[in-house]
Number of protein chains: 2
Amino acid sequence: MHVVIARCTVDYDGRLTAHLPEAVRLLMVKADGCVAVHADGGAYKPLNWMNAPNTLTIEQADGESAEHETAQVWHVRSPKGEQLTITVHEVLAEMDHEMGIDPGLVKDGVEAHLQELLAADPTSIDDGFRLVRREFPTDIGPVDLLCRDTDGVAVAIEVKRRGEIDGVEQLTRYLDFLNRDPMLRPVRGVFVAQEIKPQARVLAEDRGIGCVVVDYDELRGIESDELKLF
Amino acid sequence: MHVVIARCTVDYDGRLTAHLPEAVRLLMVKADGCVAVHADGGAYKPLNWMNAPNTLTIEQADGESAEHETAQVWHVRSPKGEQLTITVHEVLAEMDHEMGIDPGLVKDGVEAHLQELLAADPTSIDDGFRLVRREFPTDIGPVDLLCRDTDGVAVAIEVKRRGEIDGVEQLTRYLDFLNRDPMLRPVRGVFVAQEIKPQARVLAEDRGIGCVVVDYDELRGIESDELKLF
DNA sequence: GTGTACATATCGCAT
DNA sequence: ATGCGATGTGTACAC
């Protein structure tokens, strides 16, 4: 990892073109060759960047350039033809350090957990729901949960952390395919999420898809309560 | 901007919980208070982070902690109740620098520009197109452009930098809703992008949606040519 | 403030 | 490679 604080101007030409006028910024070059230009604010996203793989060549200023206060020009090029040019006018601080490979991150609390909890107790979606299968396969991908309701009617369930329009589209596609299967037909749909956006709800209801909002912590509570009973 | 390279362990508890085992990483604290933990690879996204606003308190190790090799514990807390805890075992390098406010980024070539250019001259999509409205509202969100063709028929236009299947789905939804309005019906659709992926084109054509590929530089050229006429 | 769509999104997985 | 889904998405813009 190489870190430089420098007064610089930056130009990117690739998927779009962008220009950064002269200012003091942090330049970060990682071991895999990716480069990021950070301002002193604005969350974690850099102003400009180039992902690996790419090649970095640093052109030292010759005499004439030095007159124009240019110390270095960094050329970062990717195989796809993207290009980032950093003109370094002045280096204010610098740091270099070996870091080794990171052991990586352990996460908890994402959609998979929500799906597990609902699979363990589908009645938390609607009374009498019985699980047929998790990740029920269709030609266009697996449905999160397939259940049957009290009347024995098949119910396809799409689980999301945040319910937005895309999720309704996804469930609609699954329903289209599931309803071609004479063994399953008719299949109705239920959209389950911790939060459902109004426009997603409009679209879902317009298509006869039910909407259920669930609480992750509450589900986890119910789950642990039920475990206590055994 | 404060930058530290340190052997550390990291725990995040907020929208999810996550843990990073001990390793050498770069810690970045920006002037606005946001904090990022970077590994020496993996593009520009940090392993963990906390966006502004938040408060950072650094707890120096007391004697007992020092026995366990802990030098500092950083507590980052956001008003939303998210929390990032960085246990610093050893500081390997450090850097601190004032950078001032960044003058900001000038971008060119994003969808908004494309939409502006097309709104200014819809005939670059098809001869005789007249603009009715940009961001024409529907119950499920705004359509990029609504035009009328030479026959006075309404045309909904979805603009994308890169035309993929999602964009066709989006336009299809708008068309479904627009075609319920007796004042507009019938509404046809045109999908406009700098590049249209083959599968997106197949889907669009299957649904009777037209596809138009436009060249950004050329549009800008036409635009400046027309400006010259005035 | 809320809600929606865009992003040089990134990232991972399956085909 | 391409498509598709998830992300602690983040961010700007409209209502």
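For the numbers below, each heavy atom of this structure counts, side chains included, while hydrogens, waters and symmetry mates do not. Letters A, B, ... are given to chains in the order of the sequence lines, protein chains preceding strands, and every chain is numbered from 1.
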field: Nucleotide nearest B:Asp144 (side chain, heavy atoms from C-beta), chosen from C:dC6, D:dG8, D:dG3
entry: C:dC6
message: Here's a test of your reading of the structure: between B:Arg162 and A:Arg162, which maps to the more 5' nucleotide of DNA chain C?
response: A:Arg162
message: Tell me whether B:Lys30 contacts the main-chain N or O of A:Ala43 through its side chain, where contact means a donor paired with an acceptor under 3.5 Å.
response: yes
message: Between C:dC6 and C:dT10, how far apart are the two C1' atoms, rounded to whole Å?
response: 14 Å
- request: Give one of base, sugar-phosphate or nothing for B:Tyr44, where a contact means two heavy atoms less than 4.0 Å apart.
  value: sugar-phosphate
query: NA contact type, B:Phe136, heavy-atom cut-off 4.0 Å: base, sugar-phosphate, or nothing?
result: nothing
task: Whole angstrom is fine here: how far is it from CD in B:Glu135 over to C1' in C:dG3?
output: 13 Å
message: Partner lookup for D:dG8, please. Criteria are Watson-Crick or G-U wobble with both distances under 3.5 angstrom; report none if nothing qualifies.
response: none
Closest nucleotide among D:dG5, C:dG3, C:dT8 to the A:Pro198 side chain: C:dG3
message: What is the distance, to the nearest angstrom, from the NZ atom on B:Lys80 to the C1' atom on C:dG1?
response: 13 Å
- prompt: For B:Arg173, which contact category applies under a 4.0 Å heavy-atom criterion: base, sugar-phosphate, or nothing?
  reply: nothing
message: Whether the B:Asp108 and B:Tyr216 side chains hold a donor-acceptor pair (N or O, under 3.5 Å, no angle test) is what I'd like checked.
response: yes
- prompt: Going by modelled atom types, is there a donor-acceptor pair between the base of C:dT8 and the side chain of A:Asn48 at under 3.5 Å?
  reply: yes
- prompt: Do any side-chain nitrogens or oxygens of B:Lys45 fall under 4.0 Å of OP1 or OP2 in C:dC11?
  reply: no
field: C1' atoms of D:dT7 and D:dT11, separation to the nearest Å
entry: 15 Å
- request: Can you tell me the distance, in whole Å, between the CZ atom of B:Arg134 and the C1' atom of C:dC6?
  value: 14 Å
- prompt: D:dC4 P sits how many Å from B:Asp166 CG, rounded?
  reply: 8 Å
- line: Side-chain atoms of A:Lys160 come closest, of C:dT10, C:dT4, D:dG5, to D:dG5
message: Students often get this wrong, so: under 4.0 angstrom with heavy atoms, is B:Glu158 touching a base, only sugar-phosphate, or nothing?
response: sugar-phosphate
task: Would you mind telling me which of D:dG8, C:dC11, D:dG3 lies closest to the side-chain atoms of B:Gln199?
output: D:dG3
message: What contact category does A:Gln170 fall into here, base, sugar-phosphate, or nothing, at under 4.0 angstrom with non-hydrogen atoms?
response: sugar-phosphate
message: For a quick test of reading the model: is some side-chain N or O of B:Arg15 closer than 4.0 Å to OP1 or OP2 of D:dG10?
response: yes
task: Would you mind reading off the distance between B:Asp108 atom CG and C:dC6 atom P, rounded to a whole angstrom?
output: 18 Å
Rounded interatomic separation in angstrom, taking CG from A:Leu16 and P from D:dT11: 16 Å
- prompt: Counting any heavy atom closer than 4.0 Å, what does A:Lys197 reach on the DNA or RNA strands: base, sugar-phosphate only, or nothing?
  reply: base
- request: Could you check whether B:Gly42 gets within reach of a base, just the sugar-phosphate, or nothing at all, counting any heavy atom under 4.0 Å?
  value: sugar-phosphate
query: With respect to the side chain of A:Glu82, which nucleotide from D:dG3, C:dC6, C:dT8 is positioned closest?
result: C:dT8
message: Side chain of A:Asn51, heavy atoms from C-beta onward: which of D:dG8, C:dA5, C:dT10 has the nearest atom to it?
response: C:dT10
query: Whole-Å distance between D:dG10 P and B:Trp49 CH2?
result: 6 Å
- line: Partner of C:dT8 under the Watson-Crick or G-U wobble criteria, both distances under 3.5 Å, comes out as none
field: Nearest-angstrom distance from the residue atom CD of B:Glu164 to P of D:dT2
entry: 10 Å
task: Working to the nearest 0.5 Å, report the span between CZ of B:Arg25 and CD1 of B:Ile5.
output: 12.5 Å
